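Below: one structure, written as structure tokens.
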Amino acid sequence: MVNTRFLVSRGIILLVTYFIAITLNFIIPRLMVGDPTTVIAADLRLPPEARENLIRLFGLDKDIFTQYREYLVNTILLNFGYSFDKYPTTVAQLIVERLPWTVFLVGTSVAIAIVLGFILGVEAAWRRGSMLDNLLQWTAISAWSAPVFWIAMILILVLAYYLNIFPTTSAESARLYSSVFDMIADRLWHSALPIMTLVISNFAIYALTMRNAMIEVLEEDYMRLGEAKGLPRNTLKYGYAARNAILPMVTLIALSIATIFGGALFVEIVFSYPGLGTLIYDALNARDYPVIQGTFYIITVAVILANFIADITYSFLDPRVKY
Amino acid sequence: MSDTLKELLRRNDVLVGFTIILFFATIAVFADYISPYGYRETMFNEKPFLEPSMEHFLGTDQWGDDLFAHLIYGTRTVLFVALTSAVISTFIGIIAGLLAGFYGGVIDEVISRTIDILLIIPIIPLQIILAYYLGPSIWNIILVIVLFGWITVARVVRSQVLSIKNYPYIEAARSLGASNARIMFKHILPGVSSLGLAYVVLNISNAIYTEAALSFIGLGDPIAPSWGKMLNYAYTYGAFTKGLWAWIIVPGLFIMLLSIATIMVGNAIIDIYTRRQRMV
């Protein structure tokens with residue numbers, strides 16, 4: 001059963017968020033000192049007709065309200081113009097090329113981190129005060145404090161440089177593949193370290209949340225009743241306790257999506273992984289303003305969509321939810 | 001307040017946390033006596049990419065600058081940015097939380113919905129873009145941290161104010177004719193002040209992280225040394241492909257240690273606060 005009222009009110013908030021985000025994406029580049037027609041569209045790397053085209057596209061010769069109206073239309077139509085650095089490639093083309101890599105990276109690591117966090121959290125709560133439990137708390141606080149790009153650099157130093165098990169950069173080898181399996185194996189081998197970095201940086205906070213929620217459920221009377229009835233331990237642990245303790249973790253997942261996306265950008269930069277992170281990093285260094293704007297837009301949309309999916313999941317898991 | 005302090009000092013995690021924080025504060029204050037060289041003193045005078053040695057404890061960077069000096073002087077920048085932004089964002093958060101919780105109605109709606117929205121927007125990319133267009137400087141980094149640092153504080157303070165608001169002594173003050181402002185600052189604020197202190201400490205850890213992240217992608221202050229900048233150089237000039245481990249490991253370890261210490265102290269204060277609340 002889906003709670004329509006909850007989803008509608010969440011949907012409205014997400015829609016408002018969307019408009020605020022794209023408005024910020026319009027305002028922030030205009031905070032820069034200097035005349036936008038010269039700064040944004042007068043890049044010498046562009047041929048004159050492309051410059052004309054850009055000025056018209058962003059309406060830079062018009063007043064700010066017309067600019068904003070045209071910006072909204074262009075954004076919704078995914079029309080971000082040309083890349084300054086890689087002219088005549090359009091920003092949309094670049095994003096379409098890079099987005100699947102980031103989605104794969106974030107999706108895989110979040111899935112692994114959730115499963116790992118769930119199991120460790122349940123076990124730690126079940127054995128409260130044990131070695132595993134204490135270790136988990138320290139891992140969580142350390143993983144939270146360690147910068148994700150630093151974890152990435154240490155993994156490269158140890159596993160790629162000293163032990164030579166994994167490649168240091170990129171997402172695939174520069175060679176022709178003999179088969180599809182060869183290609184998949186090679187890409188997995190290349191993404192192992194980036195995925196490992198994101199899992200290390202995120203699993204412990206899920207585990208800790210799961211543990212704390214689980215400990216509260218374990219105090220409930222029905223747990224003692226279940227025990228007295230002689231229910232099997234795993235039914236008690238997973239069917240009774242974990243099932244009822246999962247909601248805080250779902251909330252945390254929704255809240256952490258934006259953070260993990262941010263972390264993924266840094267991981268991609270360290271590994272030169274061809275996703276949105278390296279796209280935005282290269283664009284920052286090359287002063288490629290249309291690419292910066294387009295990438296931020298796509299990240300925002302991805303995060304908002306992911307939030308909505310989390311909300312739907314939430315209302316499935318807990319039909320009582322109210323907003 | 002002094003009771004809280006006494007209770008804090010009786011806890012082991014707090015003592016460890018305080019010691020670590022004191023360690024970094026000492027480094028920041030006595031940097032001139034600890035570091036054998038000034039920041040950028042050996043730049044272009046020494047060979048680049050030197051391994052750690054007795055002369056250069058952490059080796060040298062791509063310009064021959066002493067990395068140990070960078071680390072020590074970087075502590076000053078990091079502490080300055082972290083403390084300043086933590087204090088300002090906690091202050092804003094407390095005011096926003098007080099107003100929202102105390103007045104309710106439209107003010108609460110505006111503040112609460114703003115918080116809802118800011119919790120969804122991907123903050124790190126937004127901070128990157130803001131820092132990029134505002135231009136690289138210490139004050140812009142502080143601004144970018146403060147803009148989003150108040151959110152958690154405001155949420156927690158708001159919910160605390162909602163419960164304190166109904167206590168009998170507030171009712172009593174009101175019947176004695178105390179003004180809204182007086183009730184808010186004289187009677188409610190002291191109730192959330194130790195929570196405020198906890199968040200100043202916890203916000204330090206967030207600020208360290210953000211400063212490091214922005215410096216890492218090259219959006220840090222171009223003049224000031226910082227741990228994030230060391231890692232940026234290490235990445236840009238491939239320290240891991242040269243096996244220069246100290247250059248990579250030590251700055252990150254400093255970031256992690258200081259952050260862990262502040263989280264331990266901050267959580268301990270919150271812990272004591274919630275236990276007191278339960279007793280009331």
Side-chain angles (χ1 to χ4, degrees), chain A residues 13-14 16-18 20-21 24-25 28-33 138 141-158 160-162 168-169 254-255 257-263 265-266 269-270 276-277 280-281 284-285 287 289 292-293 295-296 299-300 302-304 307, chain B residues 13 113-114 116-135 140 205-206 208-213 215-219 227-228 231-232 234-236 238-245 247-249 251-264 267:
Chain A
I13 288 202
L14 291 175
V16 174
T17 310
Y18 171 79
I20 288 181
L24 287 174
N25 206 11
I28 294 171
R30 285 167 176 76
L31 292 177
M32 197 168 45
V33 210
W138 279 106
I141 195 171
S142 311
W144 180 258
S145 297
V148 67
F149 45 88
W150 183 60
I151 300 178
M153 288 166 90
I154 288 188
L155 287 183
I156 293 183
L157 184 72
V158 177
Y161 178 77
Y162 286 127
T168 50
T169 56
L255 281 175
I257 291 166
T259 322
I260 294 179
F261 245 96
L265 300 184
F266 287 96
I269 293 169
V270 177
L276 295 175
I280 207 168
Y281 180 70
L284 292 173
N285 284 327
R287 309 198 154 270
Y289 304 114
I292 298 174
Q293 199 169 36
T295 315
F296 178 69
I299 293 171
T300 312
V303 168
I304 290 178
N307 261 283
Chain B
D13 52 350
R113 291 295 89 81
T114 311
D116 282 345
I117 287 166
L118 287 174
L119 283 175
I120 300 168
I121 288 186
I123 287 179
I124 298 167
L126 190 57
Q127 284 175 318
I128 292 175
I129 292 178
L130 262 171
Y132 181 69
Y133 284 110
L134 289 171
N140 283 339
S205 122
N206 276 332
I208 297 166
Y209 202 111
T210 311
E211 192 277 331
S215 298
F216 177 72
I217 52 169
L219 297 177
W227 303 335
L231 289 173
N232 168 258
Y235 158 70
T236 316
F240 35 67
T241 58
K242 298 183 174 71
L244 296 168
W245 55 271
W247 190 353
I248 296 169
I249 291 178
L253 214 56
F254 266 40
I255 296 173
M256 197 167 103
L257 258 180
L258 182 53
S259 171
I260 291 178
T262 54
I263 293 177
M264 286 199 307
N267 280 347

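Keep in mind that this is a model prediction, so the values were computed, not measured. Values below: every heavy atom of this structure, side chains too, minus hydrogens, waters and symmetry copies.
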For A/T17, check side-chain hydrogen bond (donor to acceptor under 3.5 Å, both in side chains) against everything at least two apart and list the hits.
-> none
Could you pull out all residues at least two apart from A/Y18 that satisfy side-chain hydrogen bond (donor to acceptor under 3.5 Å, both in side chains)?
-> A/Y297
If you count heavy-atom pairs under 4.5 Å with chain B, which of A/A21, A/S142, A/P147, A/A152 comes out on top?
-> A/P147
Aromatic ring pairing B/Y132/A/Y289, orientation class (parallel under 30°, perpendicular over 60°, tilted between) | tilted
Highest number of heavy-atom pairs under 4.5 Å with chain B: which of A/I20, A/I292, A/V158, A/I304?
-> A/I292
Using a cut-off of under 4.5 Å for heavy-atom pairs, which of B/L126, B/I255, B/L119 has the most such pairs with chain A?
-> B/L126
Side chains of B/F216 and A/V270 in contact at under 4.5 Å (non-hydrogen atoms) = yes
From the list B/A213, B/A212, B/S205, the residue making the most non-hydrogen contacts under 4.5 Å with chain A is B/A213
Evaluation steps, side-chain contact (heavy atoms from CB on, under 4.5 Å), between A/I156 and B/Y235 | CA-CA 11 Å; A/I156 293 183; B/Y235 158 70; over 6 Å; no
Taking B/W245 for the side chain and A/I154 for the main chain, is one N or O donor matched with an acceptor at less than 3.5 Å?
-> no
So, the part of A/W138 with a heavy atom under 4.5 Å from chain B: the answer is side chain
Closest-packed option against chain B by number of heavy-atom pairs under 4.5 Å, given A/T295, A/I257, A/L284, A/I299 = A/L284
If you tally heavy-atom pairs under 4.5 Å between each of A/I141, A/V16, A/I280, A/T259 and chain B, the highest tally belongs to A/I141
Identify which one of B/N232, B/L231, B/I217 satisfies the side-chain contact (heavy atoms from CB on, under 4.5 Å) criterion when paired with A/F149.
-> B/L231
Most contact-rich option vs chain B, by heavy-atom pairs under 4.5 angstrom, among A/A146, A/A302, A/G262, is A/A146
Return the minimal non-hydrogen interatomic distance between A/W150 and B/I249, and the atom names on each side.
-> CZ2-O, 3.3 Å
Cut-off 4.5 Å, heavy atoms of chain B, and the answer for A/V148 is both
Checking heavy atoms, do the side chain of B/I124, its backbone, both or neither come under 4.5 Å from chain A?
-> side chain
Relative to chain A, which segment of B/L257 carries a heavy atom at a distance below 4.5 Å: side chain, backbone, both, or neither?
-> neither
Where does A/L24 contact chain B at under 4.5 Å (heavy atoms): side chain, backbone, both or neither?
-> side chain
What part of A/I269 is in contact with chain B, defined as an atom under 4.5 angstrom from a non-hydrogen atom: side chain, backbone, both or neither?
-> both
Nearest non-hydrogen partners of A/F296 and B/P122, listed with the distance = CE1-O, 4.4 Å
Scanning both residues in full, the closest heavy-atom pair of A/L265 with B/P125 reads CD1-CG, 3.8 Å
Let me know if A/F261 has heavy atoms under 4.5 Å from chain B in its side chain, its backbone, both or neither.
-> neither
Region of B/L258 in contact with chain A, defined by heavy-atom distances below 4.5 Å | neither
To the nearest 0.5 Å, tell me how far B/I129 CD1 sits from A/I28 CD1.
-> 6.0 Å
